[in-house]
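Inspection log for the structure reproduced underneath, given as structure tokens.
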Amino acid sequence: MYYGADYYPEHWPRERWAVDAKLMKEAGFNLIRVAEFAWAKLEPSEGHWDFSWLDEALDVFYKGGIQVVMGTPTATPPKWLMDKHPSIYQVDENGLVQGFGSRRHYCYNNETYREYSEKIVEKMAQHYAGHPAVAAWQIDNEFTCGDGLYCYCESCRQKFIGWLKKKYGSLDALNKAWGTVFWSQTYTDWDQIIVPKKSQAAMFRNNGHNPGLNLDYSRFQSDGIVEYCKLQSRILRRYSDVPITHNVVSERYDYYKLGEQIDIATYDNYPASPWKSFLGGDPYDPAFSIDIERGIKNKNIWVMEEQSGPCGWNVVGSTPRPGEIKKWAYQAMAHGAEAMIYFRWRACLFGTEEYWYGILDHDGIPRRRYEEVKEIGASFPKICEYNVDSKVASDILMIRSFEQQWSHEFQSHNWNFDYRTYVKGLYYGLYAGNYNMDISNEETDFSGYKLVVAPAFNLMDERLKAKFEKYVADGGNLVVTFRSGTKEMDNSMTERTLPGYFKEVAGIELEEFDSLNDCKVTVKGDFGNGEASIWADIIKPVTAKPMAVYDSEYYAGKPAVTVNEYGKGKCYYVGCDLDTAGTVALMKEITGQCNVAPALENVPAGVEVVKKIAKDGGEFWFAANFSGQEAALELPFEAKEIASGEILGKSLVLPVHGSAIFTRV
Ligand code: GLA
Ligand code: ZN
């Protein structure tokens, strides 16, 4: 399996390449990623190709025992191309045409851009397919990262019309689905169709547009991105047998659909960026994100960019503390990463990311961070014996759906509701007790799970109703929360009594609900107490039994959480958001009732443990200490540390930032 770094040969003098290759080899590396932004070096002017510098670099590294992930450079269309075809530029929601100077300035739906992309991908495939140095391909780089919301250009509008014709067949069907009778929005000719740019009616943090139009536009844009990826993967597959990857981050497209176009999903992991509000900064953020990535193809992933130094553009984040690089790498591997590629080998002397430190600083001299990476490298092959093709031992599926996310996005129900944050909160409710889980979409086969959690599962239809009901009737346990089943698939409101399509399986009706604006409601439950601050469904049990009731407001005493026996299984309905302590307590109660065990019992707070099953069926565990102090774990068995081979006995002491991988002796 691969251990390495992202490397930009075009940024360094040729004489340095061999020095870097040697240092890399000594650190246990066998892979670099190259070329993903090098369009202007590969095609300096239209039709003039220059692969010589990259050929030479590949030779140096391959001779040094290092292979490459070859990136297609389409995230950075060069200036000559943009000047020749300015229609390629994205147009933002305000109608503003993007300019040159950064990256990702292209529209995925622009046919001219698609043609140029195909040309360069084909040239690269012809030139490099079969090259022994090429271990994999990466398509583009981080689709939609840093883009505006979506593109709203004329190419997009034209394609959207085609997309709608295919979906609805007739304008009558479209008008009905979107409810265009509202505010005289009826379309009488396909060419009248608009894209939901910011309208004059944009107010209240909402773009003012028809919800059916908004949701279809999200679906359409997502499909365009997936189609653009497919365009490239189709060409690469024609020439090459090695795996095709994409580093999947940002959330503007359906990960699961993109997953069908690639062989391996990869993730870019920055646990301590200076942009916490944007990228997150809680220790469990990488755990959550990588569990999501593993769900893209329901298979292990690679980390294509792993933080290895202080990082930033305008400001610089913290320097990784001793032990942190290893802890982050172990955490990523625990949650499904098999390959570990650090970003970046060395801090660049110029460009937007000149503050982004890598394993080496600007001066290229190996220091503490290099030594830590090298130490992990020394035991990496041993770790891989266990970790490659292993599975996270998980009885829980958390549903994370992009369609649901988009439907909540323009209409968040409450100022403080955010779908991803809410899913993450429930995730933490389980994570805190070291309950490992898979995260994937509603199309996943539920049958292998003891517990399925469906947060704010808004859009529903008969097919999904039957799927959820069958799962529970057959003995599964389902958790559904507030704002589930309120809508039809076209983003219109359901006429059914709430919780709509979940009414029968949950065995309840909602009498009323309270969107909590500037007020909090206390909740008293069998499992403990909590507080709701976003939403409170006032539940009338039909066949369900209350597990918690409200303790304040005019609905004090009315059920807030219920459980219903349905066939051989149970459906839990969580009618309100709960604070962290309440969520943790509720999840502990539910997992207990469903016989779901944690990865390990009695783990000190702030220590993360993941239990995994190796390909030979053997069990092993990852532990990482995020508590900020030394932590001691008591183990119910005699253990051996995998990387060092050290026999631990029945306890494991983790220093601050310590991490370990262990198995039974
Ligand atoms: C992303 C990109 C990289 C680099 C890093 C740091 O993950 O893929 O090219 O820009 O962020 O900003
Ligand atoms: Zn466009």
Side-chain angles (χ1 to χ4, degrees), residues 1-4 30-31 33 67 69 135-139 233 241-249 255-269 271 284-306 326-343 376-377 379-398 400 427 431 436-441 443-445 448-449 599 608-624 642-643 659 661 663:
M1 195 31 78
Y2 301 112
Y3 192 64
N30 54 12
L31 190 96
R33 181 191 60 181
Q67 288 185 281
V69 171
W137 294 88
Q138 175 181 296
I139 292 176
S233 60
D241 298 329
V242 299
I244 297 171
T245 69
H246 177 74
N247 44 353
V248 182
V249 305
Y255 285 10
Y256 309 104
K257 285 191 180 162
L258 189 99
E260 292 165 15
Q261 306 308 328
I262 54 177
D263 301 312
I264 296 165
T266 71
Y267 181 63
D268 298 342
N269 191 32
Y284 60 93
D285 271 302
F288 178 55
S289 297
I290 297 171
D291 282 346
I292 290 174
E293 296 279 321
R294 202 177 71 247
I296 293 174
K297 293 184 75 69
N298 288 322
K299 114 180 196 193
N300 287 339
I301 64 149
W302 296 355
V303 169
M304 195 54 90
E305 298 179 16
E306 173 81 3
K326 179 170 149 189
K327 182 178 74 172
W328 294 335
Y330 274 23
Q331 182 186 39
M333 290 193 264
H335 289 270
E338 293 189 346
M340 186 54 55
I341 315 299
Y342 296 96
F343 190 88
I376 305 164
S379 56
F380 191 73
K382 187 88 213 146
I383 297 168
C384 287
E385 283 174 26
Y386 287 81
N387 194 45
V388 171
D389 293 330
S390 67
K391 275 187 163 25
V392 173
S394 165
D395 288 330
I396 308 172
L397 172 70
M398 174 76 72
R400 191 273 156 92
Y427 177 89
Y431 170 94
N436 301 153
M437 76 201 87
D438 294 336
I439 306 180
S440 199
N441 70 353
E443 300 307 327
T444 309
D445 178 5
Y449 295 101
E608 176 188 312
V609 179
V610 177
K611 179 177 169 181
K612 300 192 81 172
I613 316 290
K615 62 175 175 294
D616 65 2
E619 296 174 339
F620 66 107
W621 289 259
F622 278 84
I642 288 175
S659 52
I661 314 174
T663 185

*asked:* According to side-chain contact (heavy atoms from CB on, under 4.5 Å), who are the partners of Ala339, at least two apart in sequence or on a separate chain?
replied: Met1, Tyr2, Trp302

_Closest heavy-atom pair and its distance - Ala332, Asn269_ = CB-ND2, 4.1 Å

*Which of these, Val303, Asn247, Ile341, Val248, sits in a side-chain contact (heavy atoms from CB on, under 4.5 Å) with Asp268?*
Asn247

*Hey, is the main chain of Ile244 close enough, under 3.5 Å, to the side chain of Asp263 for a donor-acceptor pair?*
yes

_Side chains of Ile661 and Tyr386, heavy atoms from C-beta outward: is any pair under 4.5 Å?_
no

*Mind checking the CD-CZ spacing from Gln331 to Phe622? Nearest 0.5 Å is all I need.*
11.0 Å

*Can you check whether Trp137's main-chain N or O pairs, donor with acceptor, with Thr245's side chain at less than 3.5 Å?*
yes

*Spell out, as yes or no, whether a donor-acceptor pair under 3.5 Å connects the side chain of Lys297 to the backbone of Ile262.*
yes

*Verify the distance criterion only: is there a donor paired with an acceptor across the side chains of Glu608 and Tyr431 at less than 3.5 Å?*
yes

*Is it true that a side-chain atom of Trp328 and a backbone atom of Pro271 form a donor plus acceptor pair closer than 3.5 Å?*
no

*asked:* Tyr427 vs Asp291, test: side-chain hydrogen bond (donor to acceptor under 3.5 Å, both in side chains). Steps then yes/no.
replied: CA-CA 10 Å; Tyr427 177 89; Asp291 282 346; 2.6 Å; yes

_If I compare all heavy atoms of Ile296 with all of Gly259, which pair ends up nearest, and what's the gap?_
CG2-CA, 3.7 Å

_Could you tell me if the side chain of Lys611 sits less than 4.5 Å from the side chain of Asn436, heavy atoms only?_
yes

*Taking side-chain contact (heavy atoms from CB on, under 4.5 Å) as the test, write out the residues that go with Asp445, two or more places apart.*
Ser447

_side-chain hydrogen bond (donor to acceptor under 3.5 Å, both in side chains) partners of Gln261, counting only residues at least two apart_ = none

_Partner set under side-chain hydrogen bond (donor to acceptor under 3.5 Å, both in side chains) for Tyr256, not counting sequence neighbours_ = none

*Tell me, please, which residues at least two apart from Lys257 pass salt bridge (charged side-chain N to carboxylate O under 4.0 Å, His left out).*
Asp223

*Could you go step by step and tell me if Val392 and Val610 meet the side-chain contact (heavy atoms from CB on, under 4.5 Å) rule?*
CA-CA 7 Å; Val392 173; Val610 177; 4.1 Å; yes

_side-chain contact (heavy atoms from CB on, under 4.5 Å) against Asp438, all qualifying residues, sequence neighbours excluded_ = Arg294, Ser394, Leu397, Tyr449

_Sequence-distant partners of Ser659, side-chain hydrogen bond (donor to acceptor under 3.5 Å, both in side chains), two or more places apart_ = none

*asked:* To check you understand the geometry: which heavy-atom pair defines the closest contact between Leu31 and Ala135, and what is its length?
replied: CD1-CB, 3.8 Å

*asked:* Give me the atom names and distance for the closest heavy-atom approach of Ala329 to Met340.
replied: O-CE, 3.8 Å

*What residues, two or more places apart in sequence or in another chain, satisfy salt bridge (charged side-chain N to carboxylate O under 4.0 Å, His left out) together with Glu260?*
none

*Of the non-hydrogen atoms in Tyr267 and Ser289, which two are nearest, and what is the gap between them?*
OH-CB, 3.2 Å

*asked:* Using the salt bridge (charged side-chain N to carboxylate O under 4.0 Å, His left out) criterion, which residues pair with Glu305? Sequence neighbours excluded.
replied: Arg33

*Going by heavy atoms in the side chains, are Thr663 and Glu619 under 4.5 Å from each other?*
no

*asked:* So, using side-chain hydrogen bond (donor to acceptor under 3.5 Å, both in side chains) as the criterion, who are the partners of Lys612 when residues are at least two apart?
replied: Asn387, Ser390

*About how many Å separate CD1 of Ile376 and CD1 of Ile383, when rounded to the nearest 0.5 Å?*
7.5 Å

*asked:* So, using salt bridge (charged side-chain N to carboxylate O under 4.0 Å, His left out) as the criterion, who are the partners of Lys382 when residues are at least two apart?
replied: Glu385

*asked:* How about CG on Asp616, more than 12 heavy atoms from neighbouring residues, nucleotides or ligands closer than 6.0 Å, or not?
replied: yes

*To the nearest 0.5 Å, what is the distance between CD1 (Ile301) and CE (Met304)?*
10.0 Å

*Would you give the length of the straight line joining atom CG of Asn298 to atom CD1 of Ile439, rounded to the nearest 0.5 angstrom?*
11.0 Å

*Do any N or O atoms from the side chain of Thr444 and from the backbone of Ser440 form a donor-acceptor pair under 3.5 angstrom?*
no

*For the student: nearest non-hydrogen atoms of Ala643 and Tyr330, plus distance*: CB-OH, 3.6 Å

_Return the CD1 to CE distance between Ile290 and Met333, rounded to the nearest 0.5 Å._
10.5 Å

*Quick one: side-chain contact (heavy atoms from CB on, under 4.5 Å) partners of Lys615, sequence neighbours excluded?*
Asp389

*Say you draw a straight line from CZ of Phe288 to CZ of Arg400; how long is it, rounded to the nearest 0.5 Å?*
6.0 Å

*Parallel, tilted or perpendicular: which fits the ring planes of Tyr3 and Tyr342, with parallel below 30° and perpendicular above 60°?*
perpendicular

